[in-house]
Structure formats: C-alpha cells, structure tokens
Amino acid sequence: MRTNASTVCVLVAFLIAAYFSAQNLRTWPARLSYPGEESYESVALAEMIHLRQGVPIYDSAAAEHYDAATYGPLYYIVGGRLLNGHPSYSPLRLLSAVGMLGCAVGCGLLAFWLTDSYLAALLSPMVFLAFGMVTGRGIQALSDGVTLLLMFSGFLVAYRFQAGRALLLAVPLLVAGVYCKLQYLAGPLAILVFLLWEKRYQLAAQFAGLLAFCGLGLFALFQWIVFSGQAFWRHFLLSQVSLFSWHRFGHGLFILAFLFFLPLLFSIEYLQVYPNKLLTCYLLIGVGLGALTYSKDGSGVHYFFESVLAVSTILPVAIVRQLNARPYPAHLVLVLGVMLFAGQWLTNPPPRPIDFAKHNAMQSFLRQSFAPHAESLSPSPGELLQAGLETPFSGLFQLAQLAHRGMLSDRELAAQIRAGRFSVIVLSFDLAKERDPYWLNFYLTPSTIDAINRSYSIATSLDMPAPEKQRPEDRYYIYVRR
C-alpha cells in the first residue's frame, strides 16, 4: 500500500511538472524566431550595434547620442560579436535559452547531490522549466539568462567544494556573472554568509578578498583601459540604484507572496528537518534580493529568478525524501501544483503569425518611407535599426527616468528634436490624446513632449504586434517633421 501511494505521488508530481513545462517549451520556437522586440530587447540590441560601430556607449553626457548601457560590459562585448553588426534578436535569444537550459541542469545536479536520487534529479529541471517566467523572460535577448547561468554555476561549484579551499574556484564564474549584469547576487552573498555562519573566518576572508581583487581588477580594466574616457562607473553602478521606487517595492512584496508564499513555507520546513546552511542562505538571500531589486523602475518578475531556482530544487527534493515516510507527500504535490499554476502569471502568449505580418508591415513602411541611415528616435530602437535607420538615442527610458530625478539633463535632446534632427520619431501613443501621466512620462519628459508637439506631427499609425505592446491600445505612431 505504501509503495502504491508513493508511486501515485511521484507520478502526479511528474505529470504536473511535465504539463506546465511542455506548455511553455512548445512556444520556444515562435519566441526564438520572432524578428521583432518582445520586451526591453531592442535597447540592448542597439547598444551592441553601437559598440561594434565604435560609439562610446558609456559616455556620461546625453548631447549627440545616449545609450543607457545598464548591463555589464562582458554581455555587450560577447553579444556584439554574436551579432557582428546585424540587428537580429535570434543569436541573443539562443544564448539566453542555453542559459535557461543550463540552469535547469544545475537544479537537477543540486537535487541529486541532496538526495542521491535520479527521481529528484529529473523532477527538479522540469519544475524549473515549468515556471512561466523562464519562457516569458528567460529566453529573451537580455542579459539575464547568461548572467543567471554564471552566477548559479558559481554557487554550485562552491556547494560541491564547500568543505575546503577549492570553494574559491567559484570566484571566476561569479565575477564573470557580475560583469554580465549586476544582478542575481544571492550566490556570492550566500557563500560569504555561510562561511561566517560556520565561523570559518579565514576562508571567508580569502573568498571575499579574491572576489574583491578580481572584481576591482576588471572594474579598473573596463574603466581606464577598455572604455577609457567614458563614465563606465556611472552606467554600471549608479544607474542600477538610482531608479528605486517604494511603489515598486510594495508590488514586489505582493509578487513574492503570490508566487512563493506556500513553496517558501514548505522549503523552510524542509531545511529545518534536513539542515543545510549554504542552501538556507541561498534561499533566504535570493528571496530578499528579488523583492529589493524588483523595486527598480523598469524591473520585471524575472528578478525573482533566484527564488525560482531555490524552490525548483528544494520542493522536488522534499517530495522525493518523503516518499518512504508518513504522511505521504501528497500535500507537497498539491503545493507544487499550486505553485506552478501561479507561476504562469504575467507570462505573455507567444507571437502569432499575425504578429510576424505586422512586424514585416512596419519594416516595409520604414524602408519605403525613409532613406537608409536616416536618424530616428524611438524607445524601441531595434525595429528602426532593422529598417536600416540610425538610432543615436537608444536609451530613452533610462534618460527620461534619470532626467525626472535631476540626475541627467534632457535639454540637448529636446533642442535637437525642436531643430528637426530626426527624420522620424516612433511612439506607442498619440501625444495629443494620451492622458495617463505614467505613460506620458515613462520614456519622455515635459521638455521632449513639448519639442515633439512643436516640430513634429503624426503622419500615420500602424498596428503594433502583440509581443511589443505594453498596453492593448498601443500602436506605432509615426511622427515626421512639420
């Protein structure tokens, strides 16, 4: 009877994970091949193109051009080589997909180390891939996929060799992750707190010292050699902490409660029964950092990726460990189902054939209406680059948000708009009809709005593909000189 009940629990757990992971994975081909933007992708794409063209993307001023350049330089350099001057999202999305699949393998590896069970090693990756954010955000042309893989790999190296100085082998992976994106820091922080908790102060000092030495060494390399004369430090450090919002912090706490309250409770219960200091540190720090980093304007649900990695490992491990115990893990299987059902929240549907057609229509219009290399302006510069236009101001969102906070001037951009520098300006709303102050000021400022109204008028509007919309009513509004 015990064997039958255990078999049913395992079978149901695998069926739940298999269903949600299959539902997500079947959309990957359409998402990877879609030629248009799916999120913030086009900003990073434009920055890589500019870097390959020799544009100083870490420049401090916003006079003749401006790139937000909020990702790490390693990602821009590697991504730029993958693109080789061609503005396509596919190579970057494939890189992110490799990152997500690598993280799934890492979950399975950690689950096997915790249980010596192939059941846990198979279930854990399926649970990770079943989360909607892995598909909706993880395989986009952003730095998150490769960064998460590097940081989680560093944590796994430290976990495997936590008993000795071989733990220091994790440092190169962690530093490389930091310089892809200054995010997902639960790994290095968890390792340091774990060593202090264990009172291994000498190894903690060696770990922190090596981390600081490598990190500061690369910082000096990028600041004074690779990007000499540019404000690399301002983009890489200051831009990450300058967009904090208490409203976003409250929203982050809601997401944390909605997605992770039950799995966190049972994960903590498991760690009380089967103590594991390093894993406990990773879980708690990852949850805290997820809520904290989500507080930045422009963040997304994928900022909780480290929480997903933790619960995707611990919950399957808890289910497998309790198979031969009483009570049977039926309650854990139920929690797994509720977690993965909630985990589909905020996952956008995949592109449809009509979206491909709308993107192609926009490309045809731009190519037929504007000369190659004409200067253009848009918060989503990728489509303009694909049409052969130039986008000297690729980071409109970051520029506007910093200008609202008095940290960057928008005077030069507003003056150039008034002077009619740009052949075309593409917005997602009609300035004359938009009444929502949030969206009006999302990537524009009062000065740039006034400049557009004075010097430009709407020539036409086109349907916008669903993956590129932030609101259902969004369209391409084409502004040309009066």
Side-chain angles (χ1 to χ4, degrees), residues 27-52 57 67-72 74-100 132-148 180-181 183 239 296-303 305 346-351 355-356 358-360 362-363 366 376-387 389 391 393-399 426-428 442-443 464-471 474 476:
T27 70
W28 280 31
R31 295 180 189 274
L32 292 172
S33 62
Y34 177 62
E37 181 185 27
E38 294 186 52
S39 179
Y40 190 70
E41 292 177 312
S42 68
V43 175
L45 182 76
E47 290 162 346
M48 291 176 185
I49 297 295
H50 291 168
L51 181 63
R52 292 287 287 178
I57 64 170
D67 292 289
T70 56
Y71 291 159
L74 288 182
Y75 183 69
Y76 288 129
I77 292 170
V78 172
R81 289 194 172 276
L82 287 176
L83 296 178
N84 197 26
H86 181 62
S88 171
Y89 298 103
S90 296
L92 302 178
R93 288 176 185 156
L94 287 172
L95 182 64
S96 294
V98 170
M100 290 295 98
M133 72 177 74
V134 172
T135 290
R137 293 287 190 173
I139 63 170
Q140 291 180 341
L142 303 172
S143 63
D144 300 87
V146 64
T147 302
L148 195 68
C180 283
K181 186 179 183 181
Q183 180 95 20
S239 297
K296 186 178 68 172
D297 282 332
S299 61
V301 69
H302 57 294
Y303 281 40
F305 260 139
L346 295 179
T347 303
N348 294 325
D355 297 315
F356 285 75
K358 289 178 179 179
H359 173 81
N360 291 334
M362 176 61 166
Q363 289 295 300
L366 291 173
S376 58
L377 185 68
S378 174
S380 301
E383 280 64 31
L384 303 175
L385 283 169
Q386 290 175 332
L389 306 181
T391 58
F393 287 82
S394 70
L396 277 188
F397 166 76
Q398 188 79 7
L399 191 156
V426 181
L427 305 179
S428 60
F442 191 67
Y443 52 75
M464 181 180 287
E468 303 180 35
K469 291 184 177 182
Q470 297 189 12
R471 298 180 297 172
D474 284 352
Y476 292 121

Please find the pair of heavy atoms, one from [X] and one from [Y], that lie closest to each other, and give the distance.
X	Y	value
Tyr71	Ala44	CE1-CB, 3.8 Å
Leu399	Phe393	CD1-CD2, 4.1 Å
Pro379	Leu427	CD-CD2, 4.4 Å
Gly382	Leu45	CA-CD2, 4.2 Å
Ser143	Lys181	OG-CD, 3.2 Å
Ala30	Pro350	CB-CB, 4.5 Å

Hey, is Asp355 close enough to Lys358 for a salt bridge, meaning N to O under 4.0 Å? no
Please report the C-alpha distance between Met48 and Tyr75 in whole Å, then the side-chain angles of each, then the deciding distance to 0.1 Å, and finally whether the side chain to side chain contact (heavy atoms under 4.5 Å, CB included) criterion is met. CA-CA 9 Å; Met48 291 176 185; Tyr75 183 69; 3.1 Å; yes
What I want to check is whether the side chains of Arg137 and Ser39 have a donor and an acceptor closer together than 3.5 Å. yes
With a 4.5 Å cut-off on side-chain heavy atoms, are Met100 and Leu148 touching? yes
Could you label the plane-to-plane angle of the Tyr34 and Phe356 rings as parallel, tilted or perpendicular, counting under 30° as parallel and over 60° as perpendicular?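 Because their plane-to-plane angle is over 60°, the rings of Tyr34 and Phe356 count as perpendicular.
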Any residue meeting side-chain hydrogen bond (donor to acceptor under 3.5 Å, both in side chains) with Glu47, in chain and number order, not counting sequence neighbours: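 side-chain hydrogen bond (donor to acceptor under 3.5 Å, both in side chains) list for Glu47, sorted by chain: Tyr76.
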Mind checking what makes side-chain hydrogen bond (donor to acceptor under 3.5 Å, both in side chains) contact with Tyr476, not counting sequence neighbours?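 Expected list: Glu468.
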Salt bridge (Lys or Arg N to Asp or Glu O under 4.0 Å) partners for Glu38, two or more places apart: Arg93
Quick one: list whatever passes salt bridge (Lys or Arg N to Asp or Glu O under 4.0 Å) with Asp67, sequence neighbours left out. none
Hits for side-chain contact (heavy atoms from CB on, under 4.5 Å) against Leu346, two or more places apart or cross-chain, chain-then-number order -> Val301
Among residues at least two apart in sequence or on other chains, which ones pass side-chain contact (heavy atoms from CB on, under 4.5 Å) with Ser378?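 Residues passing side-chain contact (heavy atoms from CB on, under 4.5 Å) with Ser378: Ser380, Leu384, Val426.
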Just by modelled atom types, is the [Y] backbone N or O under 3.5 Å from a matching donor or acceptor in the [X] side chain?
X	Y	answer
Gln386	Pro35	yes
Ser394	Thr391	no
Ser96	Leu142	yes
Gln363	Glu383	yes

